[in-house]
Q: 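After the structure tokens below, expect a handful of questions from me.
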2 protein chains.
Amino acid sequence: MTNGKGVKVVGASRRRAGRPRTAVLDRQRIGEAALELVDETGDFTLPELARRLGVQTGSLYHHVEGRAGVIELLREQISDQMDPTPLQQHRWDVAIAEFFRSYRAVFAAHPRVVPMLTTTTVRSPRVIAAYEKMAAQLADSGIPISRTMEILTALESFAIGSALDLAAPEVMWEIPDGVDAPHLAAALAAQETPADRAERAFEVGLTTLLDAVRAEAASAL
Amino acid sequence: MTNGKGVKVVGASRRRAGRPRTAVLDRQRIGEAALELVDETGDFTLPELARRLGVQTGSLYHHVEGRAGVIELLREQISDQMDPTPLQQHRWDVAIAEFFRSYRAVFAAHPRVVPMLTTTTVRSPRVIAAYEKMAAQLADSGIPISRTMEILTALESFAIGSALDLAAPEVMWEIPDGVDAPHLAAALAAQETPADRAERAFEVGLTTLLDAVRAEAASAL
DNA sequence: ACCTGAACACCGTTCAAGT
DNA sequence: ACCTGAACACCGTTCAAGT
């Protein structure tokens, strides 16, 4: 069973009005479908999402607070894929590096979602737990508590910015006609693929930032 | 003359159909009004923008390619406020630091625009010129050209991520009820204002990243 | 070329009716 | 409680008509 766009429609058999004996929707299914939709098309609308799920648009409102609620579900989908376990297993500096690598890796798997998740507060218990662990590790390492949020913010900002790089168009810098920029052109030509540039920029930045934290911790003890 | 929302309406005197003797709109006026609108409300719609300019919605299409075109105008407004002159006046490392400070400062003045400008290619001649100058300076400093884009990308990602921090809600991390996160709570309590945290996180990150570049340049010569 | 005025498809949200 | 079906306000885009 497919709709006009050849997309499989779940449960498209005619359903009459009234409450179904067993619920056809739940937040998990809506979240998964929304993530799929954004991965494929770069955006979503409630009607399109409902069509994929084989329900009416209004039905979504029984499970989610409108469009903003779906974005919250996208955030949950992404957060749930982050892996906080490395934080338990390594030295604090390696652990923090590993967490932010997984953070970026999840976004790399879903680049088109990134721009939708840049502005809201972090509430996900999973992610909060990861930050809790990092805060504890920084304290143990000798970093003064007044500096903890500065450091975590700098790392978070860098990770988010790097994730956005993944969502950016192929060419991040385009030299317009008539503009002379020989050094920039040469530098652009000297890079491998853009994906490679993004990856290595992230690695070098992350390592650099953590080196500095490590140095500060060492001098504090 | 005001409309229903008490907003000043420009040129609201009745204008009859047909081409006016002198154009009432131009890209500059549209861009300024759009920036104002986003600064005040956090978003814009074409009808609201047209109302502020005292014209019909459709009139905008004579100057701008729809909603996406207005976002391009916002990007131009922002780019034009960046100050590339420090790049001419200092040592390369100070110059690059100063440029990114001005980059972030412009976004700090218009935080609600940031989320709208995170995903497109940099084409602004002014910004391209700044990157050209930085590419040249990195080359002069002894950094191998294969590393230039990695370094500029890391700095750009960090600057964008830090700018997004300015657009974020007051509380960037919120510990949900029932979740235990004492170290994170203590770290959050230990910061001054969130604006202060954002500012210092940017400074510490920027300085750290550039310290590493400087060290690499020194060892390359 | 540049504006008005109106049309159109589409979206987000709400809600009565049905089980 | 949870779904359908329909309604409504609003948005982005297009276009004929007018100067």
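In what follows, chains carry the letters A, B, and so on, assigned in the order in which the sequence lines appear, proteins first and then strands, with residues in each chain numbered from 1. All of these numbers come straight from a predicted model, not from anything done at the bench.
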Q: To the nearest Å, give me how far apart CG (A:Leu53) and P (D:dC2) are.
A: 16 Å
Q: Pick from B:Asp43, B:Ile78, B:Val70: which one makes a side-chain contact (heavy atoms from CB on, under 4.5 Å) with B:Met116?
A: B:Asp43
Q: Walk along nucleotides 12-19 of chain C from 5' to 3' and tag each nucleotide B, S or - by protein heavy-atom contact under 4.0 Å, base first, then sugar-phosphate.
A: SBB---BB
Q: Verify whether one side chain among B:Thr120 and B:Arg75 offers a donor that lies under 3.5 Å from an acceptor in the other.
A: yes
Q: Tell me the interatomic distance from B:Glu48, atom CD, to D:dA9, atom P, rounded to whole angstroms.
A: 19 Å
Q: Between atom CZ in A:Arg51 and atom C1' in D:dT4, what is the gap in whole Å?
A: 16 Å
Q: Under a 3.5 Å limit for both distances, which nucleotide forms a Watson-Crick or G-U wobble pair with C:dA1, could you say?
A: D:dT19
Q: Taking a pair as Watson-Crick or G-U wobble with both distances under 3.5 Å, which nucleotide is matched to D:dG12?
A: C:dC8
Q: Just how far is it from atom CD1 of B:Ile96 to atom CG of B:Leu138, taken to the nearest 0.5 Å?
A: 4.0 Å
Q: Can you tell me if A:His63 touches the phosphate of D:dC3, counting only side-chain N or O atoms and a distance under 4.0 Å to OP1 or OP2?
A: yes
Q: Can you label the angle between the A:Phe100 ring and the A:Tyr103 ring as parallel, tilted or perpendicular, going by 30° and 60°?
A: tilted
Q: Using only heavy-atom distances, determine whether the side chains of A:His110 and A:Gln81 contain a donor-acceptor pair under 3.5 Å.
A: yes
Q: In whole angstrom, give the distance that lies between atom CG of B:Asp43 and atom P of D:dC10.
A: 16 Å
Q: If only atom types and distance count, is the side chain of B:Arg126 paired as donor or acceptor with the main-chain N or O of B:Met82 below 3.5 Å?
A: yes
Q: Between B:Gln56 (CD) and D:dC11 (C1'), how many Å, whole number?
A: 15 Å
